[in-house]
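To start, the structure under review is shown below, and the notes come after it.
Along the sequence shown, residues are numbered consecutively beginning with 1.
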Amino acid sequence: MLKLKQRQKLKAKSRHRTAKGHFKSLKSQSNIEWLALAIKRLSPNWQASLALAALIVLGWSYAAFAQAPAAGPTTAELKVAIDTLWVAIAAFLVFFMNAGFCMLETGFCRQKNAVNVLAKNLIVFALSTLAFWAIGFGLMFGDGNDFIGLSGFFLGGADNSPAIGEAYKGVFSALSWTGVPLAAKFLFQLVFAGTAATIVSGAVAERIKFVDFLIFSLLLVGIAYPITGHWIWGAGWLADMGFWDFAGSTVVHSVGGWAALMGAAFLGPRIGKYQDKKVVALPGHNMSIATLGCLILWLGWFGFNPGSVMAADPGAITHIAVTTNMAGAIGGIAATIAAWLYLGKPDLSMIINGILAGLVGVTASCAYINVGSSVIIGLVAGVLVVFSVPFFDRIGIDDPVGATSVHLVCGIWGTLAVGLFAVGPGGYPWMVDLAGKPVGPHGLFFGGGFGTLIPQIVGILAVGGITVLLSSIFWLVLKATLGIRVSQQEELEGLDIGEHGMEAYSGFLTEGSADRFSDDLISPGRDLPNPL
């Protein structure tokens, strides 16, 4: 009897479930029919869109299910990316220094030569790009011997950058210490080469033929600059001797300064610079843009010096930025005080050149010195430039912008400063080689003796000697073939008209007459007497 009742209960539950399932089935079928009816009521375009959307959702679902999650970049890859970004930004800052040179030199020159100065500063980087790509970079950094690079022209040859140290396999071994792509290495070094050529522009301004300056720039960037650069930054004989130049007081500034000095000497002074054996000031026409140029150059130096780390090392970059800025600031203050005492007035042109002098002076040592030393280096450079500018005037070297005083004299001082103030190997965390071994110069004032100072002196003399020799050859050949100086009439009228057929300030009164100069200064020709 009990079993019969259990069977009846089970049959009742089964019938209840079946009825419930049948009801759900009818409800589901009703929903489907309603959905189908709703779709049918849509326009053909909407029906096609729904079908396409369904296919896309199915495709994405399959891809998400089938594809394994992609691995993120490794720490090494991130380091390369960040280092490359920093090197590129630094290169852009140094490139922008071309604008600074444009403004500075144009402001320091007379308005009748403004177009000429602007044109030279603009085209020189374009020419430098081609010359350095074709031959300069290979001569400077290509594998060869201790005196010259013999490979890597047109950026050709083996290279597996950003590999570093022993892992590097290529023809640019001198740059195997930095882990960035070859293009980043080339770009950063290119803007330095362009700077060396631009230095010459100011010293030879207002009387050089445009075509001669272009040819000389090609020869300087393609041959002279990379040869001496190879000796130092290309793992050449000066580097082997123990010569140190972190960012280019000698490699860039002194080389440009020596070339500028020889150009000014072979050209001779501008008409009217010397009258009755006295130096006559030929003031620039726009100190506003000259000041702007100084500020742009100051900004660019934060790429010039900290960028030479060629890695995003926060400690090194910030320390170098501080020493660089400190030297520039103190250089400007020192030049202001020195000019006030020596000349009787705080001459703005001396303030500008004092800032630049301090920046040039600290360029070689900025990574190897403490902040206190950078103050001393900048102070000495600021005072030096105030006395250097009139010195060159007195010996008959007419440099309209003071480029020789800023870049050559203070470049030499900055190179010597390494041998005096460097803290010694391992003095800062970045002063180590790829294996972590302490390296770096050790200055005389920091217990290093003469071990660093002597190679610095040898390097100054060697680089100066070869640059003077090559520059003299270049200038003499150009003088004998094309003639390097414009005619008297063109110089008096202004190079804007004579060389370019236009004026920088059309519609404004310009200096075009020779009334202010005596006849004996105009008629003899180019060989003006030494004022002493």
Side-chain angles (χ1 to χ4, degrees), residues 101 105 108-109 117 120-121 124 127-128 131 136 193-229 231 248-270 273-274 360 385 388-413 415 459-486 491 526-532:
F101 281 114
E105 294 176 17
F108 274 170
C109 292
V117 174
K120 287 189 302 178
N121 279 277
V124 71
L127 292 171
S128 299
T195 299
T198 306
I199 292 169
V200 181
S201 172
V204 300
E206 301 200 295
R207 72 268 201 205
I208 192 172
K209 288 183 177 180
F210 189 68
V211 66
D212 289 85
F213 175 74
L214 301 185
I215 295 172
F216 181 83
S217 298
L218 283 170
L219 295 171
L220 179 67
V221 176
I223 299 175
Y225 170 80
I227 288 177
T228 54
W231 296 354
S249 286
T250 286
V251 175
V252 179
H253 296 286
S254 290
V255 168
W258 285 116
L261 174 65
M262 301 316 298
F266 284 115
L267 275 168
R270 292 166 290 173
K273 179 66 177 178
Y274 299 103
V360 170
V385 78
S388 176
V389 170
F391 168 77
F392 281 113
D393 281 341
R394 286 196 297 270
I395 65 173
I397 300 296
D398 182 15
D399 181 349
V401 305
T404 307
S405 298
V406 170
H407 298 280
L408 175 57
V409 174
C410 295
I412 291 173
W413 159 240
T415 305
I460 290 168
L461 296 175
V463 171
I466 192 65
T467 305
V468 166
L469 175 62
L470 292 175
S471 297
S472 298
I473 293 172
F474 298 157
W475 287 123
L476 286 172
V477 171
L478 288 171
K479 187 174 183 178
T481 54
L482 300 176
I484 59 176
R485 186 158 180 162
V486 299
E491 186 173 343
R526 301 275 57 92
D527 297 322
L528 299 179
N530 190 306
L532 298 181

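Asp399 places none of its side-chain heavy atoms less than 4.5 Å from the side chain of Phe392. Within the 4.5 Å cutoff, the side chain of Val385 has no heavy atoms near those of the Val409 side chain. Put simply, the side chain of Lys209 does not reach to within 4.5 Å of the side chain of Leu482, judged on heavy atoms. Arg207 is listed as a side-chain neighbour of Asp398, based on a closest heavy-atom distance under 4.5 Å. When side chains are defined from C-beta on, Thr415 does not count as touching Ile412, because their heavy atoms never get closer than 4.5 Å. Taking the side chain as every heavy atom from C-beta outward, Asp212 and Phe216 never approach each other to under 4.5 Å. Taking the side chain as every heavy atom from C-beta outward, Phe108 and Val117 never approach each other to under 4.5 Å. The shortest side-chain heavy-atom distance between Ser471 and Trp258 does not fall under the 4.5 Å cut-off.
Atom CD1 of Ile460 sits about 9.5 Å away from atom OG of Ser249, to the nearest 0.5 Å. Taking CD1 from Ile215 and OG1 from Thr481, the interatomic distance works out to 7.0 Å, rounded to the nearest 0.5 Å. Distance check: Ile208 CD1 to Phe213 CZ gives 7.0 Å after rounding to the nearest 0.5 Å. Note that CG of Leu127 and CG of Leu214 are 5.5 Å apart. Values are rounded to the nearest 0.5 Å. To the nearest 0.5 Å, atoms OG1 (Thr250) and CG (Leu408) are separated by 9.5 Å. Going from atom OG1 of Thr198 over to atom CG of Leu220 covers 10.0 Å, rounded to the nearest 0.5 Å.
Minimum interatomic distance between Ala203 and Thr404 (heavy atoms only, all atoms of both residues): CB-OG1, 4.3 Å. Closest approach of Ile484 to Trp475, counting heavy atoms only: CG2-O, 4.0 Å. Across every non-hydrogen atom of Val221 and Ala197, the tightest pair is CG2-CB, 3.7 Å. Residues Arg485 and Glu491 come closest through the heavy atom pair NH2-OE1, 2.9 Å. Nearest approach of Ala205 to Cys109, heavy atoms of both residues: CB-SG, 3.7 Å. Across all their heavy atoms, Gly411 and Ser254 have their closest contact at C-OG, 3.5 Å.
Screening Thr467, Val200, Leu470 against Val255 for a side chain to side chain contact (heavy atoms under 4.5 Å, CB included) leaves a single residue, Thr467.
The backbone N or O of Asp393 lies less than 3.5 Å from a partner atom in the side chain of Tyr274, making a donor-acceptor pair.
For Leu476, the side-chain contact (heavy atoms from CB on, under 4.5 Å) criterion is met by Phe266, not counting sequence neighbours.
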Check step by step if side chain to side chain contact (heavy atoms under 4.5 Å, CB included) holds for Trp231 and Val251.
-> CA-CA 9 Å; Trp231 296 354; Val251 175; over 6 Å; no
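Taking the six-membered ring for Trp and thresholds of 30 and 60 degrees, Phe101 and His407 have ring planes inclined between 30 and 60 degrees apart.
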